[in-house]
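Notes to accompany the following structure.
Residue numbering restarts at 1 for every chain, and letters A, B, ... go by the order of the sequence lines.
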Number of protein chains: 2
Amino acid sequence: MVRTYSHAPRTRQERTADSRALILDAAVDCLVEHGYSGASTLVIQAKAGVSRGRLLHHFPSRDGLLVAAANHLATNRLKQTEERAAARLEDAPEGPERVDRCIELLWTTFHEPHFWAAMELWTAARTNPALASALRPEERGLHAAIRSVTDRIWGPEIRANARYDEMRKLLFTSMRGAAMPYTFEDRPPSTDPHVELWKATARRMLFDE
Amino acid sequence: MVRTYSHAPRTRQERTADSRALILDAAVDCLVEHGYSGASTLVIQAKAGVSRGRLLHHFPSRDGLLVAAANHLATNRLKQTEERAAARLEDAPEGPERVDRCIELLWTTFHEPHFWAAMELWTAARTNPALASALRPEERGLHAAIRSVTDRIWGPEIRANARYDEMRKLLFTSMRGAAMPYTFEDRPPSTDPHVELWKATARRMLFDE
DNA sequence: CTAGAAACAGTCGGGATTGACCGCTAAGAC
DNA sequence: GTCTTAGCGGTCAATCCCGACTGTTTCTAG
């Protein structure tokens, strides 16, 4: 069957950009919904609502598609975190009371779709060298960006603390480690006992002594 | 082709136990080598060196096999940790010097094959309810056991410390979180900068103030 | 000792997945 | 205006994987 293009006339650049974004968004969604092994090209193309030809034209191999999805995810994840941070930063208090708010805010970023998508990619990267090479530089940049966002969340006052850097690293890794079991636990992460632990530890590290 | 059994005569119980162990060990190996999606029943049966009939007789479905592999892994992981701990505990000093040794020992458990196998299962469990249900009780038991092993590693002196429990939880989750990026990083985990951070933090939590 | 079930061995069909491929349309260079 | 090529649409062959199934041997209960 032959079908004429129904799109409004567009430049090639626009078309390519649209197609890629459409497909990559779908790929990330599928990663979240079905996991790495369930994110087949067929499922992705269905989710994106594109033809097989269109998908394969832009991403000739599944590996390449998922590598691109990894990069796509990194930039999006950062953008989202920045927006969210900006939104919740306005009425944030200073001093010790700010600690609790910050920890709660940071903890939420560890059970969002983007986090799970990233985890799928990390896990898959362990046995997929192409994916690992793609992830390495991307995650480095992302990490630096995450750090700057985190710094803004905590605010200049806390950031000036001598123990701030240690606390930041410790909480970041601890939260990631605590988030993992929620792949199979179904209770709400917001009630995680670690939250209180983090609050107490952060307060002690920053304000005691 | 018809082939007579070449095995020495054995009871059914023994045979079943042998077959299951053989297959489950292979399944865990495949999980480590090829990841969850690469651990197909065909690959596992090849690794185990068993016929298709033998594999399917004991594990009629791939899901069931991987669920069983999860349980198998849990018990083995614990056993191994206990042995290792016992071996390295003998000449361990007491007091602050013990802290460094303990942290190094604990950190090694986060880049062993068993850890990666568990991570594959956790990740897969997120989009696989059957696996998630199997993991939940198993991990609960494992967690309790891990805790008791950890307690013995730290020793009674440190364990008596008021902040011990907080420190233990914090380090455990932080190590897990710090271990994840090593799916795509290829530098040696033993040089991870977090190690120094953990040592400093633990010492301060336990002995300062 | 004998029946019946467990413990295999090996084959096969159905379904899913991947990427090659052929053909067409429209964008953009000249 | 024409010509080249990017951007698709849709089909197909090859492959892989899972689990059903058939047949055979060994254990074990009675």
*Using 30° and 60° as the class limits, which term best fits the ring planes of B/F115 and B/F110: parallel, tilted or perpendicular?*
perpendicular
*Proximity to the side chain of B/S19 - top-ranked nucleotide from D/dG9, C/dC8, D/dT26*: C/dC8
_Any residue of residues 22-47 of chain B with a heavy atom less than 4.0 Å from an atom of DNA chain D_ = B/S40, B/T41, B/L42
*How do B/Q13 and B/L56 order along DNA chain C: which one's closest nucleotide is nearer the 5' end?*
B/Q13
*What about the rings of A/H194 and B/F172, do their centers lie closer together than 6.0 Å?*
no
_Need to verify one output field. Residue with the more 5' nearest nucleotide on DNA chain D, B/P60 or A/G53?_
A/G53
*Would you mind reading off the distance between B/R54 atom CZ and D/dG23 atom C1', rounded to a whole angstrom?*
18 Å
*Within the pair A/H57 and D/dG7, is there a side-chain N or O less than 4.0 Å away from OP1 or OP2?*
yes
*Presence of B/T16 side-chain N/O under 4.0 Å of C/dA7 phosphate oxygens OP1/OP2*: yes
_Check this for me: does the side-chain of B/R52 come within 3.5 Å of the base of D/dG19 through a donor and an acceptor?_
yes
_If we count only N and O atoms by modelled type, under 3.5 Å, do the side chains of A/S37 and B/S37 hold a donor and an acceptor together?_
no
*Taking atom types as modelled, is there a side-chain donor on B/R54 or B/S19 under 3.5 Å from an acceptor on the other?*
yes
_Pair B/K199 + B/E104, salt bridge at N-O below 4.0 Å_ = yes
*Can you tell me how far C1' of C/dA7 sits from CG of B/L55, to the nearest Å?*
13 Å
*May I ask you to decide if the ring planes of A/H111 and A/Y182 are parallel, tilted or perpendicular, using 30° and 60° as cut-offs?*
tilted
_Given D/dC27, C/dA9, C/dG10, the nucleotide with the shortest approach to the side chain of B/R15_ = D/dC27
*asked:* By the 4.0 Å heavy-atom rule, please label B/R62 as base, sugar-phosphate, or nothing.
replied: sugar-phosphate
*Quickly work out the B/E14 CD to D/dT26 C1' distance and round it to whole Å.*
14 Å
*For D/dC8, does either OP1 or OP2 sit under 4.0 Å from a side-chain N or O belonging to A/H58?*
yes
_Whether B/W122 and A/F184 hold their rings parallel, tilted or perpendicular, with breakpoints at 30° and 60°_ = tilted
